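Just so we're on the same page: letters track the sequence lines, and every chain starts at 1. The structure displayed is predicted, hence computed values, not measured ones.
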Number of protein chains: 2
Amino acid sequence: MNLSLTQIKTQFQELGIKSTIPRVVIYQSLAKAMHHPSAEEIHLSIQKKYPGVSLATVYKTLDMLVQKSLASKVVTDEDKVRYDSKMEPHIHLYCEKTQKIMDYDDQELAELIAGHFTKKGITNFKINRIQVNIKGESKTIKNK
Amino acid sequence: MNLSLTQIKTQFQELGIKSTIPRVVIYQSLAKAMHHPSAEEIHLSIQKKYPGVSLATVYKTLDMLVQKSLASKVVTDEDKVRYDSKMEPHIHLYCEKTQKIMDYDDQELAELIAGHFTKKGITNFKINRIQVNIKGESKTIKNK
DNA sequence: TTAAAATTGATAAATATTATCTATTTATTG
DNA sequence: CAATAAATAGATAATATTTATCAATTTTAA
């Protein structure tokens, strides 16, 4: 999602987040990215335009965004954490060959699962969020 | 699952895994544990009886077990990897308060989801495994 | 414009995991 | 059983990611 600096500042204000250049830029980069970037990737992506922003600030800002529910952590089999600014429920497809993560929207499945638990429930557990991850391989189109 | 040393040795032999004391003991500890232990927890758990076994060996052995499909990695929001020796498909309940992971078997849900994808499919993606994680809070029994 | 409070950036520290390399152990063969 | 080749273990160094520290800077509010 492409967000303007003004849009972000407004959004921050509504949530009581102090607007600083690093924060706005980091969130803009995350929101634009389609590939669930790591802290370091975000740091790199803003290097050219904002060389001053440190990696520590990127980490602190990402944590803050997660706290404020503007982003979520995506843990993977790699040893680093990735981030996602798409907060609507969606499924992640993990390609085991390329380690890439793709988004997959499936409203029907979401309802199917939610319905199952509404009907059946889980004893002694309060469900906040249901995550579905699919692991496999993305088929690329061979010899056109 | 409680496995005897002999059972494990036999299982290793069948899979072409060389039986060493550290390996057998590590796998036994993992198989017995119900709490999805980390490498360090496994290392601790065998300290008393087998003080010689190093943490490096625990890591190497766990990797090997994952390669041989005797265990799987469980990534969490914590910054360490946990391991699971239960290889049958099952759901993990993540308690966001205690960070504890509980197993939850729900054959019906598994079939529901599998059926959904059989019917609907995902374009350009070969599904190997479907993981369902449920995040929330485990309700403990208050004031008996 | 000023002042208090919060944030930043540079760097050190902590933590988890992997790599290296020699000594030991295992499995095999005679 | 003994000898041997191959694989593994253990100690430790190295790497990588993330967090903590703290003075300097920036923001917000008055």
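Each of B:Ala56 and A:Pro22 was assigned the nucleotide of DNA chain C with the nearest heavy atom; the assignment lying further toward the 5' end belongs to A:Pro22. Nearest-nucleotide positions on DNA chain D for B:Lys60 and A:Lys80 put B:Lys60 closer to the 5' end.
Side-chain N/O atoms of A:Arg23 include none lying less than 4.0 angstrom from OP1 or OP2 on D:dT27. Phosphate contact (OP1/OP2 of D:dT19, side-chain N/O of A:Tyr59, threshold under 4.0 Å): absent. Taking only side-chain nitrogens and oxygens, B:Thr57 comes nearer than 4.0 Å to OP1 or OP2 of D:dG10.
Salt bridge B:Lys86/B:Asp105: present, at least one basic N to carboxylate O contact under 4.0 Å. A salt bridge links B:Glu108 to A:Lys120: at least one charged side-chain nitrogen sits closer than 4.0 Å to a carboxylate oxygen.
Taking the six-membered ring for Trp and thresholds of 30 and 60 degrees, A:His36 and A:His92 have ring planes more than 60 degrees apart, a perpendicular arrangement.
When distances run from any side-chain atom of B:Lys18 to the nucleotides C:dG9, D:dT17, D:dA7, the shortest one goes to D:dA7. Comparing C:dT8, D:dT17, C:dA16 by their closest approach to the side chain of A:Glu40 singles out D:dT17. For B:Leu55, the side-chain atoms get nearest to C:dT17 when compared with the rest of C:dT7, D:dT17, C:dT17. The A:Ile21 side chain lies nearest to D:dT27 when the options are D:dT27, C:dG9, D:dT12.
Between the side chains of B:Asn133 and B:Lys135, no donor-acceptor pair is found at a separation under 3.5 Å.
Separating the CG atom in A:Leu62 from the CD atom in A:Gln67 is a distance of 12.0 Å, to the nearest 0.5 Å.
If you measure from atom CG of A:Leu65 to atom P of C:dT7, you get 12 Å, rounded to the nearest angstrom. Separating the CD atom of A:Glu78 from the P atom of D:dT18 is a distance of 10 Å, rounded to the nearest angstrom. Rounded to whole angstrom, the span from the CG atom of A:Asp77 across to the P atom of D:dA16 amounts to 19 Å. Taking atom CG on A:Leu44 and atom C1' on D:dA16, their separation rounds to 15 Å, with Å as the unit. When the P atom of D:dT17 is taken as reference, atom CZ of A:Arg82 falls 10 Å away, rounded to whole Å. What separates OH of B:Tyr27 from C1' of D:dA9 is a distance of 21 Å, to the nearest Å. Atoms CD (A:Glu41) and C1' (D:dT18) sit 16 Å apart, rounded to a whole Å. Between A:Tyr50 atom OH and C:dT7 atom P there is a gap of 20 Å when expressed in whole angstrom units.
B:Thr20 comes within contact range of the sugar-phosphate backbone alone, with a heavy-atom separation under 4.0 Å but no base atom that close. Across all strands shown, A:Ser19 has heavy atoms under 4.0 Å from sugar-phosphate atoms exclusively, and none from any base.
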